[in-house]
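The structure appears right after this line, and notes come after that.
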Amino acid sequence: AAVDAGVRMRRPDGILWTRGEFEATRLEVSAGLVESLISTVATVSTILGAARDADRALRGATSMVLVASLADAREQLSGLVFPGFISSTGTAQLRHLPRYLRGITSRIELPTELARDRAWQLQVQEATALYRAAGGRIPPAPSTPEKLVRVRWMLEELRVSLFAQALGTAETVSAQRIAKALQPS
């Protein structure tokens with residue numbers, strides 16, 4: 001993930017066509033690799049701790065009235081932390097994962113009124129259905145167009161804006177904005 005981020009700073013498409021491009025990119029990426037690795041490892045450590053807390057909250061919740069919320073949160077967790085999530089997510093987006101994971105914990109440990117949670121969950125499900133109808137997957141495939149990758153993360157921001165407002169969002173987001181972002185250009 002750290003090497004990929006370094007390469008993409010130089011070449012956004014990640015493709016190096018000549019030996020000269022490769023050598024120049026290798027030198028540039030190597031120069032900042034140790035710092036990038038240390039930063040990435042620290043972020044991943046925070047992510048894994050937050051994922052453990054979210055999993056613990058999910059396993060500790062036993063109320064039958066929360067079954068739908070718990071299933072939704074488990075699905076969200078599995079779409080954030082999975083084998084290969086570090087390179088798949090990329091270093092730029094990794095920094096947001098702790099907040100998304102804290103949002104899961106907050107939703108489970110500090111439940112709002114049940115009717116409101118269900119209404120918000122329905123909003124997320126409808127926006128997710130639009131994303132999937134446009135060809136999106138969670139987690140996204142490596143070949144996913146940038147537009148769909150952006151919407152995938154907008155879905156996580158929507159969850160935070162609804163279920164864990166105190167954590168704040170990285171951008172203004174709503175189900176309507178997601179639908180608009182999915183419209184053909």
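Please read all numbers here as calculations on a predicted model, not as lab measurements.
A donor-acceptor pair is defined here as one N or O able to donate and one able to accept, closer than 3.5 Å; such a pair exists between the side chain of Lys147 and the backbone of Gln183. For the pair Ser78 (side chain) and Glu75 (backbone), a donor-acceptor distance under 3.5 Å is present. Not one N or O on the side chain of Glu35 forms a donor-acceptor pair closer than 3.5 Å with the backbone of Gly32. With hydrogens and angles ignored, the 3.5 Å screen pairs a side-chain donor or acceptor of Thr43 with a backbone N or O of Ser39.
In the hydrophobic clustering of this structure, Trp153 does not group with Val151; members are Ile, Leu, Val, Met, Phe, Trp, Tyr whose side-chain heavy atoms approach within less than 4.5 Å, directly or through other members. Leu162 and Ile108 fall into different hydrophobic clusters, where Ile, Leu, Val, Met, Phe, Trp and Tyr side chains are chained together by heavy-atom contacts under 4.5 Å. Both Leu58 and Val160 are members of a single hydrophobic cluster when ILVMFWY side chains are connected at heavy-atom separations under 4.5 Å. Connection of Leu48 to Leu80 is established within a shared hydrophobic cluster, with ILVMFWY side chains joined at heavy-atom distances below 4.5 Å, either directly or through further cluster members.
Scanning both residues, Val29 and Gly6, for their nearest heavy atoms gives CG2-C, 3.5 Å. Counting all heavy atoms, side chain and backbone alike, Gly136 lies closest to Leu148 at N-CD1, 3.8 Å. Here the closest non-hydrogen pair linking Leu158 and Ala127 is CD2-CB, 4.1 Å.
Annotation: side chain of Ile138 is in contact with side chain of Leu155 (closest heavy-atom distance under 4.5 Å). Inter-residue side-chain proximity for Leu130 and Ile178 is flagged as unmet; no heavy-atom pair is nearer than 4.5 Å. With a 4.5 Å cut-off on side-chain heavy atoms, Arg150 and Glu171 count as touching. Looking only at side-chain heavy atoms (C-beta outward), Leu97 and Phe85 come within less than 4.5 Å of each other. Inter-residue side-chain proximity for Thr40 and Ser36 is flagged as met; some heavy-atom pair is nearer than 4.5 Å. For the pair Asp117/Glu113, no side-chain contact is recorded, criterion being any heavy-atom separation below 4.5 Å from C-beta on. Put simply, the side chain of Gln93 reaches to within 4.5 Å of the side chain of Tyr100, judged on heavy atoms. A 4.5 Å side-chain heavy-atom check between Gln121 and Val124 finds every atom pair outside the cut-off.
Expressed to the nearest 0.5 Å, how far CG of Leu182 lies from OH of Tyr131 amounts to 9.0 Å. Separating the CD atom in Glu109 from the CZ atom in Arg56 is a distance of 9.5 Å, to the nearest 0.5 Å. With rounding to the nearest 0.5 Å, the separation of OG1 in Thr105 from CG in Leu167 is 9.5 Å. Rounding to the nearest 0.5 angstrom, the gap separating the OG1 atom in Thr91 from the CG atom in Asp4 is 8.0 Å. The OG1 atom of Thr169 sits 15.0 Å away from the CZ atom of Arg159 when rounded to the nearest 0.5 Å. Atom CG of Leu94 sits about 4.5 Å away from atom CD1 of Ile47, to the nearest 0.5 Å.
The neighbour count for Arg26 CZ, taken as heavy atoms of other residues, nucleotides or ligands under 6.0 Å away, is above 12. Other residues, nucleotides and ligands place more than 12 heavy atoms under 6.0 Å from the CZ atom of Phe82. Within a 6.0 Å radius of CZ in Arg74, more than 12 heavy atoms belonging to other residues, nucleotides or ligands are found.
Salt bridge absent: Arg102 and Asp53 never bring a charged side-chain N and a carboxylate O closer than 4.0 Å. Residues Arg52 and Asp55 are not paired through a salt bridge, judged by the lack of any N-O separation under 4.0 Å between the basic side chain and the carboxylate. Ion pairing between Arg152 and Glu156 holds under the 4.0 Å rule for side-chain N and carboxylate O. Checked for salt-bridge contact, Glu157 and Arg99 meet the test: a charged N lies under 4.0 Å from a carboxylate O.
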